[in-house]
Amino acid sequence: MKNAAIIIHGGCTSFDKGDKLESRHQAKQYSSMVYIIKKGWSYVESGKTAVYIAEKVVNILENDPSFNAGIGGALNQKKEVELDASIMDGTTLSCGAVSGIKDYKNPVSIAKKVMTDTKCVFLTGVGAQEFAKKEGFTKTPRKDFVTDYQLHWWNIIKKNTIEREKRMKGTVGVVVLDTHGNISAATSTGGMSYKMKGRIGDSPLIGCGTYADSRFGGVSLTGYGEQVIKTALARFTIDLIRFKNYSAQQAVEESIKELSLLENGKAGIISIDKNGKIGVFTNEKYVNHAYMSSSLKEPVVRFSIV
């Protein structure tokens, strides 16, 4: 199996190590990442396509309440969960995205359906809801989205602007290079904790939170979406690989350097280039990530980048 690779992330953060709640939460995320990267790699080894793998791996992350996506999505100011997601097939440049999804725990699958079954790229709000219903996606009761963890932080963040700055972030994503040389990327999120109703970040925006081109590489991001949007950072990263012949690692480091020029320019990036090289970098304390490739004997699972 030549040059195949997969990398996933579960969000970047600056949580304090001494916080007992966060320690338990991180332990759960870590054990989940171990399982998910092994599952994702089994898909790669079985010869599944990159876009198939991207969707299925993100589904597992969306179904795990320890991540800020799907069933564990962050609560907005109205205590609602509004979900955003995008997916891109790097071989055809086909892509799909949804935002403001309620009641459906796997928005990345709705985004993929937009990609494959419509002439659109992006559906939002009521239109996205109606599309999901028409396509037969199963609803999840709204009360099931309100997890104890997210409610705990909602109550703290409402009263404390300092905590708001530290804890508002969180996303999941994947980049895959399959055994056929195809690259796909997908990103899914509940957005920022205590966000304004209707707020959309970078995750569903192609070229900002997600991008894939099998000729060069693929990218998924997590962080302050407003700043990532301003820099169109996913496409910026791919352009570094394309026009400057950077490796995936060189490209993500340069992209974070570019983002850092902006106030609150904080993010984590995962990437795979066409040669199967892994890239991961952040200017936060942590970026929860795991990866595996045909050149490794065992998966790597980490919170920090070193």
Side-chain angles (χ1 to χ4, degrees), residues 9 11 50-64 67-76 78 80-90 92-142 144-145 169-176 184-192 195-212 218-223 225-226 228-229 232 234-235:
H9 73 75
V51 71
Y52 173 94
I53 298 166
E55 177 194 9
K56 297 306 179 185
V57 168
V58 170
N59 282 164
I60 302 173
L61 289 158
E62 290 171 333
N63 293 341
D64 188 324
F67 297 102
N68 179 12
I71 208 71
L75 302 174
N76 67 15
K78 302 292 185 181
E80 299 171 325
V81 175
E82 296 177 303
L83 302 173
D84 312 323
S86 60
I87 189 167
M88 187 166 187
D89 181 341
T92 63
L93 300 188
S94 298
C95 45
V98 293
S99 65
I101 287 284
K102 298 177 183 178
D103 308 321
Y104 298 96
K105 67 179 181 177
N106 295 128
V108 76
S109 292
I110 304 172
K112 186 185 175 189
K113 200 72 171 176
V114 172
M115 177 179 77
T116 58
D117 287 30
T118 78
K119 294 182 179 180
C120 305
V121 167
F122 200 144
L123 294 179
T124 189
V126 174
Q129 292 285 124
E130 291 177 352
F131 176 76
K133 181 178 179 180
K134 177 184 175 183
E135 294 299 322
F137 286 93
T138 302
K139 283 189 173 184
T140 298
R142 289 196 180 182
D144 291 354
F145 287 94
K169 303 171 288 297
T171 305
V172 303
V174 61
V175 184
V176 185
S184 185
T187 309
S188 184
T189 190
M192 290 183 167
K195 66 185 180 181
M196 289 180 63
K197 182 180 174 68
R199 178 263 183 189
I200 305 298
D202 65 292
S203 296
L205 301 183
I206 302 299
C208 296
T210 304
Y211 201 78
V219 179
S220 176
L221 282 107
T222 171
E226 282 72 11
V228 172
I229 291 169
R235 179 56 194 255

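For the residue pair Ile229 and Cys208, the shortest heavy atom distance occurs at CA-SG, 3.9 Å. Minimum interatomic distance between Val121 and Val114 (heavy atoms only, all atoms of both residues): O-CG1, 3.6 Å.
A donor-acceptor contact shorter than 3.5 Å is absent between the side chain of Glu82 and the backbone of Lys197. Ser184 places a side-chain N or O within donor-acceptor distance of the main-chain N or O of Met88, the cut-off being under 3.5 Å.
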Donor-acceptor contacts under 3.5 Å from residues 127-141 side chains, at least two apart:
unit_1, atom_1, unit_2, atom_2, d
Gln129, OE1, Lys102, N, 2.6
Gln129, NE2, Lys102, O, 3.0

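At least one side-chain heavy atom of Thr189 sits less than 4.5 Å from a side-chain heavy atom of Asn68. Side-chain contact between Val58 and Val172: present, with at least one pair of heavy atoms (C-beta onward) separated by less than 4.5 Å. Residues Glu55 and Asn59 are in side-chain contact: their nearest non-hydrogen atoms beyond the backbone lie under 4.5 Å apart.
Asp117 pairs by the side-chain hydrogen bond (donor to acceptor under 3.5 Å, both in side chains) definition with Lys113, not counting sequence neighbours. For Ile53, the side chain to side chain contact (heavy atoms under 4.5 Å, CB included) test picks out Ile6, Tyr43, Val44, Lys48, Val57, Val176, with sequence neighbours left out.
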Check against side chain to side chain contact (heavy atoms under 4.5 Å, CB included), Val81 and Leu75
CA-CA 5 Å; Val81 175; Leu75 302 174; 3.6 Å; yes
I'd like to know whether Met115 forms a side chain to side chain contact (heavy atoms under 4.5 Å, CB included) with Val51, so could you lay out the CA-CA distance, the side-chain angles of the two residues, the decisive distance to 0.1 Å, and finally the verdict.
CA-CA 11 Å; Met115 177 179 77; Val51 71; 3.7 Å; yes
Just do the side chain to side chain contact (heavy atoms under 4.5 Å, CB included) check on Phe145 and Ile71 with the steps written out, would you?
CA-CA 5 Å; Phe145 287 94; Ile71 208 71; 4.1 Å; yes
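Thr187 and Ser86 are not linked by any side-chain donor-acceptor pair at a separation below 3.5 angstrom, with hydrogens and angles left out of the test.
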